[in-house]
J.: 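My structure is below; once you've seen it, I'll send some questions.
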Amino acid sequence: DLRPLTSPATYAPVWLTSCPSTACRDPVMPPGECCPVCTGRCFHQGAEHESGSTFTSPSDPCSTCTLVTCQRRPCPLHCLHPMPFDTCCPVCDDCFYEGVVHTQGHTFASVSSPCERCTCVRGTVSCVPVVCPPTPCDQPVTEPGQCCPECTDSRESCLYQGTQYHSDEHWQVDECTNCMCVSGDVHCRSERCPPLTCAAVS
């Protein structure tokens with residue numbers, strides 16, 4: 001598109017060219033030309049790349065760029081607790097959990113939840129609550145710092161008619177009945193009177 005202008009020095013017409021818009025972000029001005037053109041090349045962080053080429057971003061070696069559009073490279077494995085790594089993809093051979101390295105298949109107690117058992121499987125730690133064994137007594141006790149209730153061997157108490165008795169302790173209910181606390185269980189025995197051999201008194 002040419003437009004005539006008049007030069008103030010010579011009053012001769014001067015023709016200016018109206019340049020079309022360019023579709024690229026970094027057009028260049030070829031020597032001897034009046035309008036910039038797209039060369040099919042891209043500039044990314046100061047480096048020039050051919051159109052359609054794929055290259056690694058200087059600021060992120062784990063990203064692949066095409067036409068100045070960068071995306072992270074896909075990783076073959078993903079895990080929740082990988083080992084500390086300086087590569088593009090996580091290392092899922094072992095587990096790094098709560099600041100401790102655990103080998104593949106290792107089962108351990110959680111530091112934050114001691115009543116959970118955790119297992120390292122391919123870089124991911126899974127935790128489940130501790131399963132407590134059954135107790136043989138009626139009133140097991142969970143000691144501070146323990147996860148499961150236990151029966152105390154020598155001081156297991158019994159509750160009988162509102163009164164607390166220690167293990168191996170005896171007491172008399174009435175003139176004919178004696179009881180004993182045995183590891184949390186109350187055992188009572190009543191004395192039987194022998195049959196009378198004398199004649200009934202009238």
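In this text the structure is predicted, and so the values were computed from the model without any measurement.
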J.: Is it possible for you to say whether Leu159 and Val141 belong to one hydrophobic cluster, with membership spreading through side-chain heavy-atom contacts below 4.5 Å?
T.: no
J.: Quick one: pull up CD in Glu98 and OG in Ser110 and give me the separation to the nearest 0.5 Å.
T.: 4.0 Å
J.: Check whether the SG atoms of Cys75 and Cys89 are less than 2.5 Å apart, and answer yes or no.
T.: yes
J.: I'd like to check Cys148 versus Pro133 (side-chain heavy atoms, cut-off strictly below 4.5 Å). Are they in contact?
T.: yes
J.: Can you name the nearest heavy-atom pair linking His78 to Cys92, along with the distance?
T.: C-SG, 4.0 Å
J.: May I ask whether Phe96 and Phe85 are part of the same hydrophobic cluster, defined by side-chain heavy atoms of I, L, V, M, F, W, Y residues being less than 4.5 angstrom apart, directly or through others?
T.: yes
J.: Cys147 vs Cys132, test: disulfide bond (SG atoms under 2.5 Å apart). Steps then yes/no.
T.: CA-CA 8 Å; Cys147 298; Cys132 296; over 6 Å; no
J.: Got a sec, which residues hit ring-ring contact (aromatic ring centres under 6.0 Å, His included) with His102, two or more places apart in sequence or on another chain?
T.: His106, Phe108
J.: Can you find a pair of side-chain heavy atoms, one from Cys118 and one from Val125, that are under 4.5 Å apart?
T.: yes
J.: Taking Asp94 for its side chain and Gln104 for its backbone only, find out whether a donor-acceptor pair lies under 3.5 Å.
T.: yes
J.: For His81 and Tyr97: C-alpha separation, side-chain torsions, deciding distance, then whether ring pair (Phe, Tyr, Trp, His ring centres under 6.0 Å) applies.
T.: CA-CA 6 Å; His81 308 100; Tyr97 186 73; 5.0 Å; yes
J.: Return the CE to CH2 distance between Met180 and Trp171, rounded to the nearest 0.5 Å.
T.: 9.0 Å
J.: Assess whether side chain to side chain donor-acceptor pair (under 3.5 Å) is satisfied between Thr177 and Gln172, documenting all intermediate values.
T.: CA-CA 6 Å; Thr177 305; Gln172 188 173 9; over 6 Å; no
J.: Using every non-hydrogen atom in the two residues, find where Pro90 and Leu77 come nearest and quote the distance to one decimal.
T.: CG-O, 3.7 Å
J.: So how far is it from Glu191 CD to Glu175 CD, rounded to the nearest 0.5 Å?
T.: 10.5 Å
J.: If you measure SG to SG, does Cys181 sit under 2.5 Å from Cys158?
T.: yes
J.: Please step through side chain to side chain donor-acceptor pair (under 3.5 Å) for the pair Thr119 and Thr107, ending with a clear verdict.
T.: CA-CA 4 Å; Thr119 304; Thr107 299; 3.1 Å; yes
J.: Are more than 12 heavy atoms from other residues, nucleotides or ligands located less than 6.0 Å from atom CZ of Arg122?
T.: no
J.: Give, for atom OG of Ser126 and atom CG of Leu80, the distance between the pair rounded to the nearest 0.5 Å.
T.: 8.0 Å
J.: Within the 4.5 Å heavy-atom criterion, are Met83 and Val101 side-chain neighbours or not?
T.: yes
J.: Taking all non-hydrogen atoms of both residues into account, name the closest pair between Cys95 and Thr124 and its distance.
T.: SG-N, 3.6 Å
J.: Could you please spell out the steps behind the disulfide bond (SG atoms under 2.5 Å apart) verdict for Cys35 and Cys19?
T.: CA-CA 5 Å; Cys35 295; Cys19 296; 2.0 Å; yes
J.: Would you say Tyr165 ends up clustered with Val173 if hydrophobic residues are merged whenever their side chains have heavy atoms under 4.5 Å apart, either directly or through other cluster members?
T.: yes
J.: For residues Glu150 and Thr142, is any side-chain donor paired with an opposing acceptor at under 3.5 Å?
T.: no
